[in-house]
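Take a look at the structure set out below.
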Amino acid sequence: MISIRNIYKNFGNLEVLKGVNCEIKKGEKIVIIGASGSGKSTLLRCMNLLEEPTYGEVWIDGKMMTHVDPYLHPELLEKSKTFQKLLKEQNNHDEVINNIVNNKLLKKMEGKKFHQAKKEFEKENCIDINVGRQKMGMCFQHFNLFNNLTIINNLILAPVELKLMTKDEAIAKASELLKRIGLYDKKDEYPSKLSGGQKQRIAIIRSLCMNPEVMLFDEPTSALDPEMVGEVLNLMKELANSGMTMVVVTHEMGFAREISSRVIFMDGGVIVEEGTPQNVFDNPQNERTKAFLSKVL
């Protein structure tokens with residue numbers, strides 16, 4: 001469903017992600033854990049291109065959301081001037097390809113054949129970024145509700161503006177979701193009248209109003225008072241049980257163990273260990289994973 005291919009992300013001289021690869025299948029519940037600064041949230045933001053990867057590609061449902069990364073496609077590298085030049089010098093196809101990839105040797109001027117091949121590849125495989133984002137709902141640490149709009153108008157704004165639904169259809173969908181979480185009586189209130197837990201649940205169902213195929217959660221409970229955490233986690237558990245594909249960055253280890261089909265531990269911008277919650281939590285193999293879990297469990 002979502003394919004993360006060799007993602008690097010630099011902020012100036014700071015390399016935050018260092019070649020992350022991950023395949024997320026339909027219906028999976030992926031929980032990403034790790035210390036602050038390990039790259040978890042940056043990876044999540046790269047999935048829907050809130051952050052554009054420095055290198056690498058993001059695919060959803062067999063279509064590419066990013067620009068093509070030629071270093072992932074030998075058939076494109078073969079059309080570059082750099083490849084042709086090095087092949088004459090080394091006369092070993094595989095070594096030349098590896099040299100170009102490992103040392104990032106491509107230059108801006110690689111010739112008409114190379115750039116035409118890239119253009120054709122993107123035309124055949126790319127999806128419009130906004131179409132891709134519609135497939136992915138995202139819930140942030142902070143609620144990002146529009147304070148000048150009522151709850152119902154917060155919920156219907158995007159599907160109506162994007163012409164995915166009529167206003168009546170959007171209201172019906174939003175009302176159904178509000179009833180599902182027991183907040184229908186708040187539909188005409190403004191966000192300032194709601195508790196933190198209520199705002200976060202509204203933020204989650206705002207994403208659901210777009211009928212996403214996958215939900216991304218970036219530490220959705222970290223900004224909440226402790227007594228409000230449970231109501232948000234319960235809604236997320238309901239989503240998980242309904243079959244929604246989910247990718248969750250969280251420090252809630254009990255929740256991660258309960259709902260995840262796969263746990264990913266990140267450290268220093270790479271995936272250090274991944275596996276079932278039983279394997280990662282009860283029998284971690286990597287020393288860094290062991291050290292992290294010994295502090296948080």
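Side-chain atoms of Asp188 and Thr150 include no donor-acceptor pair closer than 3.5 Å. Side-chain contact check for Asn103 and Asn99: at least one donor-acceptor pair (N or O, by modelled atom type) lies under 3.5 Å. Inspection of the His142 and Gln200 side chains reveals no N or O donor paired with an N or O acceptor under 3.5 Å. A side-chain N or O of Thr289 and one of Glu273 form a donor-acceptor pair less than 3.5 Å apart. No side-chain N or O of Glu213 forms a donor-acceptor pair with one of Thr245 less than 3.5 Å apart.
Looking only at distances, no side-chain donor or acceptor of Ser260 sits under 3.5 Å from a matching main-chain atom of Val263. The backbone N or O of Ser3 lies less than 3.5 Å from no partner atom in the side chain of Glu23, so there is not a single donor-acceptor pair. Checking side-chain atoms of Lys40 against main-chain N and O of Gly34 turns up a donor-acceptor pair under 3.5 Å. No donor-acceptor pair closer than 3.5 Å links the side chain of Asn10 to the backbone N or O of Asn13. Panel note: side chain Glu95, backbone Asn92; no donor-acceptor pair is recorded below 3.5 Å. Proximity of a side-chain donor or acceptor of Ser294 to a complementary backbone N or O of Ala291 within less than 3.5 Å is detected. For Asn283 (side chain) and Asn279 (main-chain N/O), no donor-acceptor pair under 3.5 Å exists by modelled atom type.
Ile271 and Leu44 fall within the same hydrophobic cluster, defined by Ile, Leu, Val, Met, Phe, Trp and Tyr side-chain heavy atoms under 4.5 Å apart, directly or through other members. Hydrophobic clustering of Ile, Leu, Val, Met, Phe, Trp and Tyr side chains at less than 4.5 Å, counting indirect connections, unites Val131 with Leu49. Under a hydrophobic-cluster definition in which Ile, Leu, Val, Met, Phe, Trp and Tyr are linked whenever side-chain heavy atoms come within less than 4.5 Å, directly or via other members, Val214 and Val249 are assigned to the same cluster. Residues Met138 and Leu164 fall into different hydrophobic clusters, defined by Ile, Leu, Val, Met, Phe, Trp and Tyr side chains chained together at heavy-atom separations under 4.5 Å. Placement of Ile7 and Ile24 within a single hydrophobic cluster is found when ILVMFWY residues are connected by side-chain heavy-atom separations under 4.5 Å, directly or transitively.
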Stepwise side-chain contact (heavy atoms from CB on, under 4.5 Å) check, Phe255 with Val229: CA-CA 11 Å; Phe255 173 78; Val229 169; over 6 Å; no

Would Ile4 and Ile2 count as a side-chain contact (heavy atoms from CB on, under 4.5 Å) here? Give the steps. CA-CA 7 Å; Ile4 309 299; Ile2 299 178; 3.8 Å; yes

Starting from the C-alpha separation in whole Å, work towards a yes-or-no answer on side-chain contact (heavy atoms from CB on, under 4.5 Å) for Ile151 and Leu178. CA-CA 10 Å; Ile151 297 307; Leu178 284 170; 4.1 Å; yes

Before you tell me yes or no, could you show the steps for Ile33 and Met266 under side-chain contact (heavy atoms from CB on, under 4.5 Å), namely the whole-Å CA-CA distance, both residues' side-chain angles and the distance that decides it to 0.1 Å? CA-CA 6 Å; Ile33 62 173; Met266 291 187 66; over 6 Å; no

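Side-chain contact between Ile60 and Met136: present, with at least one pair of heavy atoms (C-beta onward) separated by less than 4.5 Å. Taking 4.5 Å as the limit, some side-chain heavy atom of Ile264 sits within range of a side-chain heavy atom of Arg262. When side chains are defined from C-beta on, Arg180 counts as touching Glu238, because their heavy atoms get closer than 4.5 Å. Contact of the Met65 side chain with the Trp59 side chain is not registered, since no non-hydrogen atoms from C-beta on lie closer than 4.5 Å. No side-chain heavy atom of Met64 sits less than 4.5 Å from a side-chain heavy atom of Val58. Here the side chains of Pro53 and Leu17 are not in contact, with every heavy-atom distance at 4.5 Å or above. With contacts defined as side-chain heavy-atom distances shorter than 4.5 Å, the pair Val232/Ile204 qualifies. Side chains of Pro220 and Met236 form a contact here, defined as non-hydrogen atoms less than 4.5 Å apart.
Heavy-atom minimum distance, Arg206 versus Asn154: CD-O, 3.6 Å. Here the closest non-hydrogen pair linking Val280 and Gly275 is CG2-N, 3.5 Å. Taking all atoms of both residues into account, the shortest heavy-atom contact from Ile97 to Pro74 is CD1-O, 4.2 Å. Nearest heavy atom pair, residue Ala256 against residue Thr250, reads CB-CG2, 4.5 Å. What you find for Ser195 and Met228 is that their closest heavy atoms are CB-CE, 3.7 Å. Glu78 and Phe83 get closest at one heavy-atom pair: O-CD2, 3.3 Å.
For Lys173, the side-chain hydrogen bond (donor to acceptor under 3.5 Å, both in side chains) partners are Asn211, not counting sequence neighbours. Remark: Asp225 pairs with no residue by the salt bridge (Lys or Arg N to Asp or Glu O under 4.0 Å) rule, at least two apart or across chains.
Stacking of Lys104 on the aromatic ring of Tyr71 is recorded, both the 6.0 Å distance cut-off and the 45° axial limit being met. For the pair Lys193 and Tyr190, the cation does not sit on the ring face, since its NZ or CZ is not both under 6.0 Å from the ring centre and inside 45° of the axis. Phe143 does not carry Lys199 over the face of its six-membered ring by the limits of under 6.0 Å from the centre and within 45° of the normal. Annotation: cation-pi pair Lys186/Tyr184 absent, no NZ/CZ under 6.0 Å from the ring centroid and within 45° of its normal.
Taking a cutoff of 4.0 Å between a charged side-chain nitrogen and a carboxylate oxygen, Arg45 and Asp218 do not qualify as a salt bridge. Salt bridge annotation for Lys179-Glu176: absent, with no cationic side-chain nitrogen under 4.0 angstrom from a carboxylate oxygen.
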